[in-house]
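Residue numbers count from 1 along this sequence.
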Amino acid sequence: MKFVIVTGLSGSGKSETMKALEDMGFYCVDNMPPTLITKFAEICFQGNSNIEKVALGVDIRGRRFFEALHESLEYLEKANYRFEVLYLDCNDDVLLKRYKMTRRNHPLSKNMQIPEGIKIERQIMEPFKKYATCIIDTSNMKPKDLKEEISKIYKDGLEEDTPNITISVVSFGFKYGVPKDADLVFDVRFLPNPYYDESLRPKTGDFKEVREYVMNSKVSEEFVEKLFDFIEFLIPQYIEEGKQHLVIGIGCTGGRHRSVTIANMVYDELYKEGYRVIKKHRDSMLG
(Lines give C-alpha, C1' and ligand atoms only; values in the text may rest on other atoms or scores of the structure.)
Protein backbone atom coordinates (compact mmCIF):
# COMPACT_ATOMS: atom_id res chain seq x y z
CA MET A 1 0.00 0.00 0.00
CA LYS A 2 1.36 3.39 -1.02
CA PHE A 3 -0.31 6.09 1.09
CA VAL A 4 0.80 9.64 0.25
CA ILE A 5 -0.35 12.87 1.88
CA VAL A 6 0.29 15.88 -0.36
CA THR A 7 0.50 19.23 1.41
CA GLY A 8 2.42 22.50 1.40
CA LEU A 9 1.90 26.12 0.49
CA SER A 10 -1.14 27.21 -1.51
CA GLY A 11 -0.07 27.97 -5.06
CA SER A 12 3.00 25.73 -4.92
CA GLY A 13 1.59 23.10 -7.30
CA LYS A 14 -0.59 20.73 -5.28
CA SER A 15 -3.29 20.49 -7.97
CA GLU A 16 -0.71 19.60 -10.63
CA THR A 17 0.82 17.06 -8.27
CA MET A 18 -2.53 15.40 -7.62
CA LYS A 19 -3.19 15.24 -11.38
CA ALA A 20 0.22 13.62 -11.92
CA LEU A 21 -0.41 11.04 -9.21
CA GLU A 22 -3.86 10.29 -10.59
CA ASP A 23 -2.30 9.68 -14.02
CA MET A 24 -0.02 7.14 -12.32
CA GLY A 25 -2.95 5.17 -10.94
CA PHE A 26 -3.28 6.71 -7.49
CA TYR A 27 -6.74 6.98 -5.95
CA CYS A 28 -6.75 10.72 -5.26
CA VAL A 29 -8.87 12.69 -2.79
CA ASP A 30 -8.25 16.43 -2.72
CA ASN A 31 -8.96 18.84 0.15
CA MET A 32 -9.79 16.09 2.62
CA PRO A 33 -10.51 17.36 6.16
CA PRO A 34 -7.59 16.13 8.31
CA THR A 35 -10.02 14.75 10.89
CA LEU A 36 -11.06 12.12 8.33
CA ILE A 37 -7.54 10.97 7.42
CA THR A 38 -7.30 8.37 10.18
CA LYS A 39 -10.66 6.79 9.32
CA PHE A 40 -9.79 6.78 5.63
CA ALA A 41 -6.42 5.16 6.38
CA GLU A 42 -8.09 2.42 8.42
CA ILE A 43 -10.34 1.59 5.46
CA CYS A 44 -7.48 1.61 2.95
CA PHE A 45 -5.17 -0.57 5.07
CA GLN A 46 -7.80 -3.24 5.74
CA GLY A 47 -6.85 -6.64 4.38
CA ASN A 48 -9.83 -6.77 2.03
CA SER A 49 -9.17 -3.35 0.50
CA ASN A 50 -8.30 -3.47 -3.19
CA ILE A 51 -6.77 0.03 -3.19
CA GLU A 52 -3.00 -0.10 -3.68
CA LYS A 53 -2.06 3.57 -4.14
CA VAL A 54 -3.71 6.53 -2.40
CA ALA A 55 -2.93 10.25 -2.48
CA LEU A 56 -4.67 12.72 -0.17
CA GLY A 57 -4.46 16.45 -0.79
CA VAL A 58 -4.52 18.50 2.42
CA ASP A 59 -4.00 22.26 2.66
CA ILE A 60 -4.94 25.41 4.47
CA ARG A 61 -8.33 25.56 2.70
CA GLY A 62 -9.61 23.29 5.45
CA ARG A 63 -9.26 26.28 7.81
CA ARG A 64 -10.33 25.14 11.28
CA PHE A 65 -10.22 21.48 10.23
CA PHE A 66 -6.54 21.92 9.33
CA GLU A 67 -5.60 22.19 13.00
CA ALA A 68 -6.31 18.47 13.35
CA LEU A 69 -3.56 17.51 10.89
CA HIS A 70 -0.90 17.20 13.62
CA GLU A 71 -3.09 14.77 15.57
CA SER A 72 -3.90 12.72 12.48
CA LEU A 73 -0.25 12.35 11.44
CA GLU A 74 0.80 11.43 14.97
CA TYR A 75 -1.97 8.82 15.10
CA LEU A 76 -0.80 7.28 11.81
CA GLU A 77 2.75 7.09 13.15
CA LYS A 78 1.71 5.49 16.46
CA ALA A 79 -0.56 3.01 14.65
CA ASN A 80 2.42 2.04 12.44
CA TYR A 81 0.67 2.90 9.20
CA ARG A 82 3.23 3.32 6.42
CA PHE A 83 2.64 6.72 4.87
CA GLU A 84 4.58 9.43 3.11
CA VAL A 85 4.21 13.20 3.22
CA LEU A 86 5.04 15.13 0.07
CA TYR A 87 5.55 18.80 0.95
CA LEU A 88 5.45 21.44 -1.79
CA ASP A 89 7.30 24.69 -1.19
CA CYS A 90 7.85 27.85 -3.24
CA ASN A 91 9.38 31.26 -2.62
CA ASP A 92 7.11 34.21 -1.82
CA ASP A 93 7.84 36.24 -4.95
CA VAL A 94 6.89 33.37 -7.26
CA LEU A 95 3.74 32.60 -5.25
CA LEU A 96 2.66 36.24 -5.49
CA LYS A 97 3.29 36.23 -9.24
CA ARG A 98 1.22 33.06 -9.65
CA TYR A 99 -1.70 34.55 -7.75
CA LYS A 100 -1.58 37.67 -9.91
CA MET A 101 -1.49 35.61 -13.10
CA THR A 102 -4.47 33.46 -12.11
CA ARG A 103 -6.28 36.42 -10.47
CA ARG A 104 -7.17 34.20 -7.55
CA ASN A 105 -7.15 35.21 -3.89
CA HIS A 106 -5.01 33.49 -1.33
CA PRO A 107 -7.12 31.29 1.00
CA LEU A 108 -6.12 33.48 3.96
CA SER A 109 -6.32 36.85 2.21
CA LYS A 110 -10.03 37.51 2.68
CA ASN A 111 -9.33 40.30 5.16
CA MET A 112 -5.72 41.04 4.19
CA GLN A 113 -3.36 41.49 1.24
CA ILE A 114 -2.04 38.39 -0.57
CA PRO A 115 1.60 38.86 0.65
CA GLU A 116 0.39 38.86 4.25
CA GLY A 117 -1.69 35.74 3.61
CA ILE A 118 1.37 33.98 2.17
CA LYS A 119 3.46 35.00 5.19
CA ILE A 120 0.91 33.71 7.70
CA GLU A 121 0.40 30.44 5.81
CA ARG A 122 4.16 29.82 5.72
CA GLN A 123 4.28 30.20 9.51
CA ILE A 124 1.36 27.78 9.93
CA MET A 125 2.80 25.21 7.52
CA GLU A 126 6.44 25.26 8.68
CA PRO A 127 5.98 22.66 11.49
CA PHE A 128 4.64 20.10 9.02
CA LYS A 129 7.98 19.92 7.21
CA LYS A 130 9.23 17.60 9.95
CA TYR A 131 6.83 14.93 8.67
CA ALA A 132 7.94 15.33 5.06
CA THR A 133 9.28 12.32 3.24
CA CYS A 134 10.09 14.60 0.34
CA ILE A 135 10.16 18.40 -0.06
CA ILE A 136 9.92 19.85 -3.57
CA ASP A 137 10.64 23.52 -4.19
CA THR A 138 8.59 24.44 -7.26
CA SER A 139 9.86 28.03 -7.53
CA ASN A 140 11.62 27.44 -10.85
CA MET A 141 9.38 24.68 -12.16
CA LYS A 142 6.85 24.61 -14.93
CA PRO A 143 3.92 22.15 -14.58
CA LYS A 144 5.73 19.78 -16.95
CA ASP A 145 8.86 19.83 -14.77
CA LEU A 146 6.84 19.10 -11.64
CA LYS A 147 5.05 16.20 -13.31
CA GLU A 148 8.38 14.68 -14.36
CA GLU A 149 9.73 15.03 -10.83
CA ILE A 150 6.65 13.39 -9.31
CA SER A 151 7.04 10.55 -11.81
CA LYS A 152 10.64 9.98 -10.78
CA ILE A 153 9.71 9.81 -7.11
CA TYR A 154 6.63 7.60 -7.30
CA LYS A 155 6.94 5.61 -10.48
CA ASP A 156 10.37 4.99 -11.94
CA GLY A 157 11.39 1.55 -10.77
CA LEU A 158 10.98 2.09 -7.05
CA GLU A 159 10.82 -1.29 -5.36
CA GLU A 160 10.01 -2.12 -1.77
CA ASP A 161 13.70 -2.40 -0.90
CA THR A 162 14.53 1.07 -2.25
CA PRO A 163 16.27 3.05 0.55
CA ASN A 164 13.73 5.23 2.36
CA ILE A 165 15.34 8.52 1.41
CA THR A 166 14.77 10.97 -1.44
CA ILE A 167 17.90 12.75 -2.67
CA SER A 168 17.66 16.02 -4.59
CA VAL A 169 20.77 17.02 -6.55
CA VAL A 170 20.60 20.75 -7.30
CA SER A 171 23.03 22.72 -9.46
CA PHE A 172 23.14 26.46 -8.80
CA GLY A 173 25.11 29.66 -9.28
CA PHE A 174 26.67 31.28 -6.22
CA LYS A 175 25.89 34.72 -7.63
CA TYR A 176 22.18 33.87 -7.33
CA GLY A 177 22.50 32.53 -3.79
CA VAL A 178 22.88 29.11 -2.16
CA PRO A 179 19.69 26.97 -2.10
CA LYS A 180 18.07 27.56 1.29
CA ASP A 181 17.15 23.92 1.81
CA ALA A 182 20.58 22.47 0.91
CA ASP A 183 21.99 19.95 3.40
CA LEU A 184 25.33 19.56 1.62
CA VAL A 185 26.94 22.23 -0.56
CA PHE A 186 29.94 21.60 -2.82
CA ASP A 187 31.78 24.49 -4.48
CA VAL A 188 33.15 23.47 -7.92
CA ARG A 189 34.44 26.90 -8.98
CA PHE A 190 38.00 25.53 -9.03
CA LEU A 191 37.27 23.26 -12.02
CA PRO A 192 38.04 24.25 -15.65
CA ASN A 193 35.53 26.94 -16.69
CA PRO A 194 33.89 26.62 -20.16
CA TYR A 195 32.65 30.21 -19.83
CA TYR A 196 35.99 31.44 -21.24
CA ASP A 197 35.53 29.37 -24.41
CA GLU A 198 33.26 31.43 -26.68
CA SER A 199 31.94 28.33 -28.46
CA LEU A 200 30.91 26.76 -25.15
CA ARG A 201 29.69 29.84 -23.29
CA PRO A 202 26.08 29.73 -24.62
CA LYS A 203 25.75 26.02 -23.77
CA THR A 204 25.22 24.30 -20.43
CA GLY A 205 26.67 21.30 -18.66
CA ASP A 206 23.99 19.16 -20.33
CA PHE A 207 26.05 19.31 -23.53
CA LYS A 208 28.66 16.61 -24.11
CA GLU A 209 31.35 19.08 -25.21
CA VAL A 210 30.92 21.15 -22.03
CA ARG A 211 31.14 18.06 -19.86
CA GLU A 212 34.31 16.95 -21.65
CA TYR A 213 35.85 20.40 -21.15
CA VAL A 214 35.08 20.41 -17.41
CA MET A 215 36.33 16.86 -16.91
CA ASN A 216 39.47 17.22 -19.04
CA SER A 217 41.87 17.52 -16.13
CA LYS A 218 43.38 15.22 -13.55
CA VAL A 219 42.01 17.45 -10.76
CA SER A 220 38.46 17.08 -12.11
CA GLU A 221 38.71 13.30 -12.26
CA GLU A 222 40.20 13.05 -8.77
CA PHE A 223 37.58 15.43 -7.34
CA VAL A 224 34.64 13.47 -8.79
CA GLU A 225 36.04 10.20 -7.47
CA LYS A 226 36.46 11.64 -3.95
CA LEU A 227 33.04 13.35 -4.15
CA PHE A 228 31.31 10.06 -5.00
CA ASP A 229 33.10 8.30 -2.13
CA PHE A 230 32.16 11.04 0.32
CA ILE A 231 28.48 11.19 -0.67
CA GLU A 232 28.11 7.41 -0.74
CA PHE A 233 29.65 7.25 2.73
CA LEU A 234 27.30 9.91 4.12
CA ILE A 235 23.96 8.70 2.72
CA PRO A 236 23.74 5.49 4.81
CA GLN A 237 24.55 7.58 7.91
CA TYR A 238 21.65 9.93 7.13
CA ILE A 239 19.35 6.96 6.55
CA GLU A 240 20.43 5.47 9.88
CA GLU A 241 19.50 8.75 11.58
CA GLY A 242 16.05 8.62 9.99
CA LYS A 243 16.55 11.44 7.49
CA GLN A 244 14.11 11.03 4.59
CA HIS A 245 15.06 13.91 2.32
CA LEU A 246 18.59 15.03 1.47
CA VAL A 247 19.41 18.04 -0.72
CA ILE A 248 22.86 18.14 -2.31
CA GLY A 249 23.83 21.50 -3.79
CA ILE A 250 26.54 21.75 -6.45
CA GLY A 251 27.56 25.35 -7.10
CA CYS A 252 29.70 27.27 -9.55
CA THR A 253 29.72 30.98 -10.40
CA GLY A 254 26.71 31.19 -12.71
CA GLY A 255 25.18 27.72 -12.38
CA ARG A 256 25.38 26.88 -16.09
CA HIS A 257 28.50 24.83 -16.83
CA ARG A 258 30.58 23.25 -14.06
CA SER A 259 27.81 22.81 -11.49
CA VAL A 260 25.44 21.29 -14.07
CA THR A 261 28.15 18.90 -15.25
CA ILE A 262 28.97 17.64 -11.76
CA ALA A 263 25.31 17.53 -10.65
CA ASN A 264 24.50 15.34 -13.67
CA MET A 265 27.33 12.98 -12.77
CA VAL A 266 26.25 12.76 -9.11
CA TYR A 267 22.65 12.11 -10.19
CA ASP A 268 23.71 9.35 -12.59
CA GLU A 269 25.87 7.70 -9.94
CA LEU A 270 23.17 7.75 -7.25
CA TYR A 271 20.52 6.52 -9.70
CA LYS A 272 22.82 3.66 -10.66
CA GLU A 273 23.23 2.82 -6.97
CA GLY A 274 19.43 2.44 -6.65
CA TYR A 275 18.60 5.58 -4.70
CA ARG A 276 15.43 7.60 -5.17
CA VAL A 277 17.01 10.68 -6.71
CA ILE A 278 15.79 13.94 -8.29
CA LYS A 279 17.84 16.34 -10.41
CA LYS A 280 17.27 20.08 -10.74
CA HIS A 281 19.34 22.74 -12.55
CA ARG A 282 18.15 25.86 -10.77
CA ASP A 283 20.07 28.55 -12.65
CA SER A 284 21.20 26.93 -15.91
CA MET A 285 18.85 29.07 -18.03
CA LEU A 286 19.79 32.34 -16.37
CA GLY A 287 22.46 34.75 -17.44
Does the plane of the ring in H70 sit parallel, tilted or perpendicular to the ring in Y131? Use 30° and 60° as the thresholds.
tilted
Side chain of [X], backbone of [Y]: donor and acceptor closer than 3.5 Å?
{"X": "T261", "Y": "H257", "result": "yes"}
{"X": "Q237", "Y": "F233", "result": "yes"}
{"X": "S12", "Y": "G8", "result": "no"}

State, yes or no, whether a side-chain contact exists between [X] and [Y] at a heavy-atom distance under 4.5 Å.
{"X": "L88", "Y": "T7", "result": "no"}
{"X": "F3", "Y": "R82", "result": "no"}
{"X": "I239", "Y": "Y275", "result": "yes"}
{"X": "K53", "Y": "L21", "result": "no"}

Hey, are [X] and [Y] close enough for a salt bridge, meaning a charged N less than 4.0 Å from a carboxylate O?
{"X": "D206", "Y": "R211", "answer": "no"}
{"X": "R282", "Y": "D137", "answer": "no"}
{"X": "R122", "Y": "D92", "answer": "yes"}
{"X": "R256", "Y": "D283", "answer": "no"}
{"X": "K203", "Y": "E209", "answer": "yes"}
{"X": "K19", "Y": "E22", "answer": "no"}
{"X": "D145", "Y": "K280", "answer": "no"}
{"X": "E84", "Y": "R276", "answer": "yes"}

Answer yes if the side chains of [X] and [Y] hold a donor-acceptor pair under 3.5 Å, and no otherwise.
{"X": "R98", "Y": "S10", "answer": "no"}
{"X": "R258", "Y": "T253", "answer": "yes"}
{"X": "H281", "Y": "N264", "answer": "yes"}

### Query
Quick check, are the ring centers of Y87 and H245 under 6.0 angstrom apart?
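Ring centres of H245 and Y87 not closer than 6.0 Å.
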- Message: Using the rule that Ile, Leu, Val, Met, Phe, Trp and Tyr join whenever any side-chain heavy atoms are under 4.5 Å apart, tell me whether L184 and V260 fall into a single cluster.
- Response: no
Within one Ile-Leu-Val-Met-Phe-Trp-Tyr cluster: L227 and V277, side-chain cutoff 4.5 Å =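 Looking at the clustering, V277 is in the same group as L227.
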*asked:* Test salt bridge (charged side-chain N to carboxylate O under 4.0 Å, His left out) on D30 and K14; report intermediate values, then the result.
replied: CA-CA 9 Å; D30 197 9; K14 187 169 66 65; 2.6 Å; yes
*asked:* Measuring from atom CD1 of I248 to atom CG of L234, what distance do you get when rounded to the nearest 0.5 angstrom?
replied: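 Interatomic distance, I248 CD1 to L234 CG, rounded to 0.5 Å: 8.5 Å.
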Hydrophobic cluster partners of V178 (side-chain heavy atoms under 4.5 Å):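 Result for V178 is F172, F174, V185.
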Name the residue from V54, V6, V4 that meets the side-chain contact (heavy atoms from CB on, under 4.5 Å) definition with F26.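 Output: one option passes, namely V4.
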Q: Would you sort out whether R201 and E198 count as a salt bridge (charged side-chain N to carboxylate O under 4.0 Å, His left out), showing the intermediate values?
A: CA-CA 5 Å; R201 186 178 301 173; E198 290 187 6; 5.2 Å; no
